Amino acid sequence: MTITLYGIPNCDTVKKARTWLADNGHDFTFHDFKKQGLSRELVEGWLKDLDWETLVNRKGMTWRNLPDERKESIVDNDSAIALMLENPSVIKRPVLAGQGPTSVGFSADQYATRFGAAK
């Protein structure tokens with residue numbers, strides 16, 4: 001199964017995930033969702049394994065800079081999808097798809113468990 005890592009290249013957590021995958025011999029495709037975009041179908045696919053509250057990074061600057069009315073309007077999958085498509089920077093990174101359920105975030109332990117690799 002193809003592994004795809006979604007994120008933005010200048011994100012430190014994405015850099016760590018890319019390095020871990022490469023250092024542990026995993027072929028993967030990197031998808032820069034700011035440059036390459038996102039589709040509604042893709043985000044809906046992520047939401048089969050994750051809930052929108054996990055995908056929307058409410059600790060990041062993008063979320064904090066949203067008007068309060070906009071934040072309050074994010075209440076379900078549809079409103080969260082609209083926000084993520086409108087502003088991909090609000091997505092917690094990286095998103096990892098393929099070879100198991102979709103996951104978000106990175107830690108060496110998390111990836112080692114997922115891929116059965118040495119930590």
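Here the structure is a predicted model, which is why all the values come from computation and not from measurement.
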Val104 reachable from Val14 in the ILVMFWY side-chain graph, under 4.5 Å edges:
no

So which pairs with a foot in residues 7-18 pass side-chain hydrogen bond (donor to acceptor under 3.5 Å, both in side chains), sequence neighbours left out?
none

Worked verdict on Leu5 versus Val95 for side chain to side chain contact (heavy atoms under 4.5 Å, CB included):
CA-CA 6 Å; Leu5 188 73; Val95 176; over 6 Å; no

For Ala97 and Arg114, which heavy atoms make the closest approach, and how far apart are they?
C-NH2, 4.4 Å

Side-chain atoms of residues 29-42: list all donor-acceptor pairs with protein atoms under 3.5 Å, sequence neighbours left out, distances to 0.1 Å.
residue : atom : partner : partner atom : Å
His31   : NE2  : Gly37   : O            : 2.7
Asp32   : OD1  : Lys34   : N            : 3.0
Asp32   : OD1  : Lys35   : N            : 3.3
Lys34   : NZ   : Ser89   : OG           : 3.2
Gln36   : OE1  : Asp32   : N            : 2.7
Ser39   : OG   : Leu42   : N            : 3.0
Arg40   : NE   : Glu44   : OE2          : 3.0
Arg40   : NH2  : Asp78   : OD1          : 2.9

Is Leu85 reachable from Trp63 through a run of I, L, V, M, F, W or Y residues, each pair having side-chain heavy atoms under 4.5 Å apart?
yes

Please examine the side chains of Arg93 and Ile8, heavy atoms only from C-beta on, and report whether any two atoms are closer than 4.5 Å.
yes

Residues 47-56, side-chain donor-acceptor partners within the protein, below 3.5 Å, at least two apart:
residue : atom : partner : partner atom : Å
Asp49   : OD2  : Thr102  : N            : 2.9
Asp49   : OD2  : Thr102  : OG1          : 3.2
Asp51   : OD1  : Glu53   : N            : 3.2
Asp51   : OD1  : Thr54   : N            : 2.8
Asp51   : OD1  : Thr54   : OG1          : 2.8

How are the rings of His26 and Phe115 set to each other: parallel, tilted or perpendicular (split at 30° and 60°)?
tilted

Euclidean distance, Arg64 CZ relative to Arg58 CZ, rounded to 0.5 Å:
13.5 Å

Any non-hydrogen side-chain atom of Trp46 less than 4.5 Å from a side-chain atom of Ile91?
yes

Thr62 and Asn57, any side-chain heavy atoms less than 4.5 Å apart
no

Just do the side chain to side chain contact (heavy atoms under 4.5 Å, CB included) check on Leu96 and Tyr6 with the steps written out, would you?
CA-CA 6 Å; Leu96 181 68; Tyr6 297 89; over 6 Å; no

I'd like to know if Ile74 and Val90 are part of one continuous hydrophobic network [Ile/Leu/Val/Met/Phe/Trp/Tyr, side-chain heavy atoms within less than 4.5 Å].
yes

If I compare all heavy atoms of Ala17 with all of Tyr111, which pair ends up nearest, and what's the gap?
CB-OH, 3.7 Å

So, do Leu66 and Leu83 sit near enough that their side-chain heavy atoms are less than 4.5 Å apart?
yes

